[in-house]
Amino acid sequence: MAAELVEKSVRDGVCLLRMNRPEARNALSPALLQELADGIEAGDSSAEVRAFVITGGPEVFSAGADISAFAGLTAANYTQSVNRKCFDRIRNARKPVVAAVSGFCLGGGCEIVLGADLILATDTARFGQPEIRLGIIPGAGGTQLWHERGGAGIQARAALLGDPIDGFEARRLGLVDRIVPAAALEAEAMRTAARIAAQAPLAIAAAKAAMRARWSAPLMASLDTEMLLMAGLMSSQDAAEGVRAFQEKRPARFEGN
């Protein structure tokens, strides 16, 4: 039997979802995204679960999308891919989500985290959206949700430059809620989520619904626009060149086609 790409366990009302693809730096393959989406859906439907923790490995939370999976994506099928399903499930989870981040948290990995309610990180955390270097853009919230937490300046730096920031800068900018020691990250995330799980379930559900209400139509429409723009780029020659250059470990030569 193949190993789980997302390890799942429940304790003290908290469902822990740990990405488990270390040989690929927790790259977000369609299979991993499906398991993560299924874990959120199952936890949302379970009376035993009252909160989630999503985490990765000690050195890499997630290096982002599995670039090899891009080969089959086009403008026509991108919007129906598991990418949309997984990130929507995380953002729209009825129960609170705590993200626990250590090491590299890039691209789609960063977008997973930005969909959480609380973000805990270590001093080794590195957050970034490097998609622009591949001739594409973030397609699961990365052009919108940095702004929600840190403002327009940090959003533009993330989307247009692709430069990563460390955990301390992320905390200073409001992207991260707390910095904790690496050795204590998962335990502290579980304690935080357990404290949430111990509160009145109806009140927690109401609080989360109220907080998400401010996103409402404008943000949802912007997320749809982002996804459609990303879908259009999937068929561009620049995107194909960006992926080839990444795989061949050379600078990309973009020509605007």
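Summarising the geometry of Ser102 relative to Thr122, their closest heavy-atom pair is OG-OG1, 3.4 Å, with the distance given to 0.1 Å. Across Ala37 and Cys86, no two heavy atoms sit closer than the pair CB-CA, 3.8 Å. The two residues Pro130 and Gly107 make their nearest non-hydrogen contact at CD-N, 3.5 Å. For Phe127 against Ala121, the heavy-atom pair with the smallest separation is CZ-CB, 3.9 Å. The shortest heavy-atom contact between Gly109 and Leu28 is N-CD1, 3.6 Å. The shortest heavy-atom contact between Ala193 and Ala51 is O-CB, 3.8 Å.
For residues 158-171, the salt bridge (Lys or Arg N to Asp or Glu O under 4.0 Å) pairs, not counting sequence neighbours, are Arg133-Asp163, Arg157-Glu169, Glu169-Arg172. Listed by first and then second residue, the salt bridge (Lys or Arg N to Asp or Glu O under 4.0 Å) pairs involving residues 106-115 amount to none (not counting sequence neighbours). Residue pairs meeting the salt bridge (Lys or Arg N to Asp or Glu O under 4.0 Å) criterion with at least one partner in residues 134-155, sequence neighbours excluded, are Glu148-Arg214, Arg149-Asp177.
Side-chain atoms of Leu5 and Leu33, non-hydrogen and from C-beta on, never get closer than 4.5 Å to each other.
Grouping the Ile, Leu, Val, Met, Phe, Trp and Tyr side chains by contacts below 4.5 angstrom, directly or via other members, places Val6 apart from Leu185. Neither Ile196 nor Met211 shares a network with the other; the hydrophobic side chains, linked directly or stepwise wherever heavy atoms of I, L, V, M, F, W or Y lie under 4.5 Å apart, form separate groups for each. One hydrophobic cluster, built from ILVMFWY side chains closer than 4.5 Å, holds both Ile179 and Phe61. Hydrophobic clustering, with ILVMFWY side chains joined whenever heavy atoms are under 4.5 angstrom apart, keeps Leu118 apart from Val49. No path of Ile, Leu, Val, Met, Phe, Trp and Tyr side chains, each step under 4.5 Å between heavy atoms, connects Val14 with Ile40, placing them in separate hydrophobic clusters.
Every residue meeting the side chain to side chain donor-acceptor pair (under 3.5 Å) condition with Glu188, not counting sequence neighbours, appears here in chain and number order: Arg178, Arg191. With sequence neighbours excluded, no residue forms a side chain to side chain donor-acceptor pair (under 3.5 Å) with Asp12. Asp117 is linked by a side chain to side chain donor-acceptor pair (under 3.5 Å) to Lys208, Arg212, counting only residues two or more places apart in sequence or in another chain. Partners of Arg91 under the salt bridge (Lys or Arg N to Asp or Glu O under 4.0 Å) rule, at least two apart in sequence or in another chain, are Asp88. With sequence neighbours left out, Ser9 forms a side-chain contact (heavy atoms from CB on, under 4.5 Å) with Leu16. Checked against side-chain contact (heavy atoms from CB on, under 4.5 Å), Arg253 has the following partners two or more places apart in sequence or in another chain: Glu241, Arg250. Considering only residues two or more places apart in sequence or on other chains, Arg89 meets the side chain to side chain donor-acceptor pair (under 3.5 Å) condition with Glu41.
With values rounded to the nearest 0.5 angstrom, Arg126 atom CZ is found 13.0 Å from Cys110 atom SG. Atoms CD and NZ, on Gln34 and Lys85 in that order, are 3.5 Å from each other to the nearest 0.5 Å. The line from CD of Gln129 to CG of Leu145 is 9.0 Å long, rounded to the nearest 0.5 Å. Within the model, atoms CZ of Arg25 and CE of Met19 stand 12.5 Å from one another, a figure rounded to the nearest 0.5 Å. Interatomic distance, SG of Cys15 versus CG of Asp44, reported as 9.5 Å (0.5 Å rounding). With rounding to the nearest 0.5 angstrom, the CG atom of Asn20 is 4.0 Å from the CD atom of Glu7.
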Practice task
Could you walk me through whether Ile154 and Leu175 pass side chain to side chain contact (heavy atoms under 4.5 Å, CB included), step by step?
Solution key: CA-CA 9 Å; Ile154 185 59; Leu175 191 73; 5.9 Å; no

Exercise for the section: Output, in order, the C-alpha distance, side-chain angles, deciding distance and verdict of side chain to side chain contact (heavy atoms under 4.5 Å, CB included) for Phe87 and Ile112. Expected result: CA-CA 6 Å; Phe87 292 102; Ile112 286 173; 3.4 Å; yes

Practice task
For Leu36 and Ile90, run side chain to side chain contact (heavy atoms under 4.5 Å, CB included): C-alpha distance rounded to whole Å, both residues' side-chain angles, the deciding distance at 0.1 Å, then the answer.
Solution key: CA-CA 9 Å; Leu36 191 55; Ile90 293 168; 3.9 Å; yes

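The other members of the hydrophobic cluster of Val60, by chain and number, are Phe104, Leu106 (side-chain heavy atoms under 4.5 Å, ILVMFWY only). Leu160 belongs to no hydrophobic cluster with other residues, because no ILVMFWY side-chain heavy atom falls under 4.5 Å from its own, directly or through intermediates.
Of the possible donor and acceptor atoms, none in the side chain of Thr55 sits under 3.5 Å from a partner among the backbone N and O of Arg18. Between the Gln155 side chain and the Gln144 main chain, a donor and an acceptor come within less than 3.5 Å of each other.
Summarising the local packing, CD of Glu59 is surrounded by 12 or fewer heavy atoms from other residues, nucleotides or ligands at distances under 6.0 Å.
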